Number of protein chains: 2
Amino acid sequence: MAHSTITIRNVAERANVSTATVSRVLNNDPRVRSETKAVVLEAMESLGYKINFVARSLKTNRTHTIGVLAPDLSGDFFMFIAESMSRELTLRGYSIVVGTSRDSEEEEAKRLRHLAERLVDGVVLIPIGSSSAYLPQISALNIPIVFVDRGFVGYEADQVLVDNEGGAYEAVRALIREGHRRIGFLGGKPEVTTAGERFAGYRRAMEETGLEIEQRYVRFGHPTLPFGYRTMEEIVKDPDSPDTWFVVNLFAHLGATNYLVSEGGEMARRITFAAFDEMPYSPLLRYCRYAVQQPIAEMGKAAANLIIDRIEGKGPPGPQILRFKTRLIQHTLAR
Amino acid sequence: MAHSTITIRNVAERANVSTATVSRVLNNDPRVRSETKAVVLEAMESLGYKINFVARSLKTNRTHTIGVLAPDLSGDFFMFIAESMSRELTLRGYSIVVGTSRDSEEEEAKRLRHLAERLVDGVVLIPIGSSSAYLPQISALNIPIVFVDRGFVGYEADQVLVDNEGGAYEAVRALIREGHRRIGFLGGKPEVTTAGERFAGYRRAMEETGLEIEQRYVRFGHPTLPFGYRTMEEIVKDPDSPDTWFVVNLFAHLGATNYLVSEGGEMARRITFAAFDEMPYSPLLRYCRYAVQQPIAEMGKAAANLIIDRIEGKGPPGPQILRFKTRLIQHTLAR
DNA sequence: CTGTAGTATGTAAACGTATACATGAAGGCG
DNA sequence: CGCCTTCATGTATACGTTTACATACTACAG
């Protein structure tokens with residue numbers, strides 16, 4: 001507002017060239033003679049020229065912005081993904097706009113459409129998960145999408161996933177190896193792919209070693225903090241319940257531990273968990289013997305590169321599914 | 001790509017009006033007759049018209065996007081701010097693009113400039129903090145900025161802050177009331193406003209009650225997890241060190257607690273903390289007697305509304321400084 | 001009836017950039 | 001020396017909107 005904006009035209013005048021040449025300099029077009037390039041650059045410098053990205057976007061139909069849509073910005077998992085994606089995207093000259101689906105599929109579809117309609121070149125989606133009813137709508141938008149964390153079976157798209165089955169299997173096997181025999185399952189709805197796969201890993205470990213899965217102690221639910229808290233409350237009240245549990249994610253784990261800490265009874269002292277996710281505060285999760293660590297930073301990086309490659313037409317033709325290995329971490333329980 | 005994009009012109013043809021009229025409908029201009037409006041809307045519907053925001057932005061010089069720049073996306077504080085801001089901004093029709101300053105002032109200035117240059121209508125900045133060397137550059141960009149969490153003395157700008165002094169004072173007073181006499185200070189560099197103010201609150205509480213501040217046990221540093229860990233390590237090794245500490249933020253607190261948990265010695269059992277911030281995993285911070293809770297969601301909401309009002313020219317003329325009260329939370333220590 | 005004000009719409013020029021096409025100069029080659 | 005290529009640059013249009021200005025029509029006062 002102080003002074004009216006400086007455009008490519010002003011630069012052109014100052015440098016005694018046409019706007020086309022200035023534009024070519026902006027885009028590093030090799031066809032421009034290095035002397036004139038120098039003149040143009042100097043003109044830009046002295047005028048304090050700044051490119052107008054909006055105008056460029058209008059012309060090129062590219063915003064160099066990618067959308068990231070997650071159930072909840074305040075989840076730890078998401079925030080580490082976002083952190084690593086942000087780093088990678090910035091490096092490659094992209095900006096990142098975020099959105100929240102608030103754990104509602106309707107909202108997810110709405111926000112996705114809003115993002116895709118014009119603002120972004122592609123979107124990275126951490127889906128709510130259970131259904132894919134709105135997916136046809138989305139693919140109609142004809143913009144690259146990369147799914148992270150939760151996949152969709154039968155939907156042809158790029159996906160960045162984790163070896164949920166293997167991670168769960170390893171953890172439960174480790175528990176069994178230490179002598180645990182009765183192991184419950186505390187986790188998400190089986191129709192969500194992550195939860196389903198983790199349950200499969202749990203089951204394989206149990207069946208392979210000839211251990212019985214007690215249906216009463218397989219607790220499915222929306223794996224939030226309150227869910228973990230309430231379920232653990234019930235479990236502790238049940239004198240017959242197992243002492244050992246595999247927990248499907250961080251929130252449920254945290255909720256369960258919070259309950260045990262608040263209750264502090266004798267039962268709590270016997271409980272042992274194995275659980276997905278490892279965070280800075282994991283040392284405080286005092287009943288957790290094994291943590292299944294996901295390579296979150298790598299996943300974010302992979303998602304970022306995948307979406308950009310897609311946008312820039314560099315990727316392989318078919319949909320790409322990346323599945324990362326987990327790492328089992330053993331904690332010492334101070335009892 | 002399936003079909004070429006549908007523009008205002010196609011709609012105009014279909015509805016037998018001019019593009020101006022279509023545009024007026026898009027902008028809810030009251031001058032258009034309701035009948036023709038209906039015709040236009042129907043034409044849009046049947047053609048599946050979607051407005052091109054980029055083109056609109058070029059014309060109006062507004063992107064309806066605001067930037068959020070934070071030291072680190074993966075901090076809990078930031079993520080709750082972002083969550084609440086995102087909610088509010090979406091409500092008011094804005095998108096949010098995020099950036100990271102990676103705890104480097106140079107990077108902060110760079111990203112800020114990049115954001116401001118053309119992409120966003122305004123930016124919400126959670127500053128690195130210590131200096132404001134680059135601020136003149138920024139205000140030259142002539143785009144509204146709201147500072148959150150950390151303020152700048154002597155810089156005329158909207159700020160959303162917390163009553164750091166009062167919060168710290170209250171917490172330390174509460175400790176003293178319970179009989180604690182020797183209380184150390186574990187915290188950030190005093191030149192960062194938040195840390196400085198919190199130290200002031202600590203000092204006031206100590207001086208008011210005639211207690212001595214032992215300089216040896218006032219530990220300043222960049223309050224990260226490793227800082228808390230290492231410092232606590234030193235403290236525990238010092239047999240003369242106090243048992244009670246006021247901790248300036250979550251990261252330092254977490255680091256300190258992580259050390260104590262890993263060490264598990266006798267000293268740990270005697271330690272008592274009062275500390276800023278309250279998070280879902282706070283119940284696990286087992287040496288924390290008092291937590292100073294910041295109204296993070298309200299702050300995010302306030303920041304969002306402040307920046308939008310500024311952009312839309314609705315706010316009061318002078319710079320606005322909002323200072324939120326903290327809430328003291330008492331935890332029961334299970335020993 | 002003329003003049004004026006108001007209302008609904010159209011015309012056309014921007015916004016700042018990218019790019020297809022045209023142009024002109026220089027060089028190579030038969 | 002004429003022709004074709006290559007290279008560096010210019011000309012002019014398009015991207016999809018918004019909006020100042022012009023226009024046409026109606027209504028109503030004088």
Side-chain angles (χ1 to χ4, degrees), chain A residues 1 3-44 47-65 93 116-121 312, chain B residues 1 3-44 47-65 93 116-121 312:
Chain A
M1 311 206 175
H3 41 228
S4 58
T5 352
I6 292 156
T7 78
I8 224 181
R9 221 171 319 256
N10 303 319
V11 176
E13 283 173 24
R14 172 76 159 245
N16 276 321
V17 296
S18 73
T19 60
T21 302
V22 178
S23 174
R24 288 188 188 108
V25 170
L26 278 178
N27 293 289
N28 274 315
D29 192 314
R31 286 176 305 182
V32 39
R33 207 160 40 116
S34 58
E35 302 172 38
T36 52
K37 179 169 175 174
V39 176
V40 170
L41 287 175
E42 195 193 290
M44 287 180 177
L47 291 176
Y49 169 80
K50 305 293 175 202
I51 191 174
N52 183 327
F53 289 110
V54 174
R56 170 180 278 183
S57 289
L58 178 58
K59 206 46 197 164
T60 60
N61 213 16
R62 284 281 168 79
T63 60
H64 270 233
T65 296
E117 238 148 42
R118 235 74 190 238
L119 295 171
V120 299
D121 293 342
E312 299 182 349
Chain B
M1 311 204 175
H3 41 229
S4 59
T5 351
I6 292 157
T7 79
I8 224 181
R9 220 169 322 256
N10 303 318
V11 176
E13 283 173 26
R14 172 76 159 243
N16 277 320
V17 296
S18 74
T19 60
T21 302
V22 177
S23 175
R24 289 188 188 110
V25 170
L26 278 178
N27 293 290
N28 274 317
D29 192 314
R31 284 177 307 183
V32 40
R33 205 158 43 114
S34 57
E35 301 172 41
T36 53
K37 179 169 177 176
V39 176
V40 170
L41 287 175
E42 197 194 288
M44 287 180 176
L47 292 175
Y49 169 78
K50 305 292 176 201
I51 191 174
N52 183 327
F53 289 110
V54 174
R56 169 180 280 180
S57 289
L58 178 57
K59 206 47 197 164
T60 60
N61 214 14
R62 284 281 169 78
T63 60
H64 268 234
T65 297
E117 237 149 44
R118 235 73 190 239
L119 294 170
V120 300
D121 294 341
E312 299 182 348

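These figures come from a predicted structure and were not determined experimentally. Every chain is numbered from 1, with letters handed out A, B, ... down the list of sequences.
Using a 4.0 Å heavy-atom criterion, one finds that B:Asn16 contacts the sugar-phosphate atoms exclusively. If you check every strand for non-hydrogen atoms under 4.0 Å, B:Thr36 touches sugar and phosphate atoms only. B:Asn27 comes within 4.0 angstrom of the backbone, heavy atoms only, and of no base. Heavy atoms of B:Tyr49 sit under 4.0 angstrom from primed sugar atoms or phosphate atoms, though from no base atom.
Atom NE2 in A:His64 sits roughly 13 Å away from atom C1' in C:dA18 (whole-Å rounding). Nucleotide C:dT7 holds its P atom 13 Å from the CG atom of B:Asp29, rounded to whole Å. The separation between B:Leu119 atom CG and C:dT17 atom P is 14 Å, rounded to whole Å. Following rounding to the nearest Å, A:Arg9 (CZ) and C:dA14 (C1') show an atom-to-atom distance of 10 Å. One atom, CG of A:Leu26, and another, P of C:dT19, lie 11 Å apart when rounded to the nearest Å. Atom CZ in A:Arg31 sits roughly 15 Å away from atom C1' in C:dG24 (whole-Å rounding). Rounded to an integer number of Å, the gap from CD1 of B:Ile8 to C1' of C:dT11 is 14 Å. Rounded to an integer number of Å, the gap from NZ of B:Lys37 to C1' of C:dT9 is 16 Å.
By the 4.5 Å heavy-atom criterion applied to side chains, A:Phe53 and A:Thr65 are not counted as neighbours. Looking at B:Asp121 and B:His64, their side chains come closer than 4.5 Å, going by heavy atoms from C-beta outward. Looking only at side-chain heavy atoms (C-beta outward), A:Val17 and A:Val40 come within less than 4.5 Å of each other. Counting heavy atoms from C-beta on, the side chains of A:Thr7 and A:Asn52 never come closer than 4.5 Å. When side chains are defined from C-beta on, B:Asn27 counts as touching B:Arg56, because their heavy atoms get closer than 4.5 Å. Side-chain contact check for B:Leu26 versus B:Ile8: some heavy-atom pair is nearer than 4.5 Å.
Summarising the local packing, CD of A:Glu312 is surrounded by more than 12 heavy atoms from other residues, nucleotides or ligands at distances under 6.0 Å.
Extent of DNA chain D lying under 4.0 Å from chain A heavy atoms, first and last nucleotide in 5' to 3' order, is D:dA8 to D:dG16.
In this structure, A:Asn52 does not reach the C:dC15 phosphate: none of its side-chain N or O atoms is under 4.0 Å from OP1 or OP2.
Remark: side-chain polar atoms of B:Thr19 are not paired, donor with acceptor, to backbone N or O of B:Arg9 under 3.5 angstrom. A donor-acceptor contact shorter than 3.5 Å links the side chain of A:Asp29 to the backbone of A:Arg31.
Contact check of residues 17-24 of chain A against DNA chain D (heavy atom, cut-off under 4.0 Å) returns A:Val17, A:Ser18, A:Thr19, A:Ala20, A:Thr21, A:Arg24.
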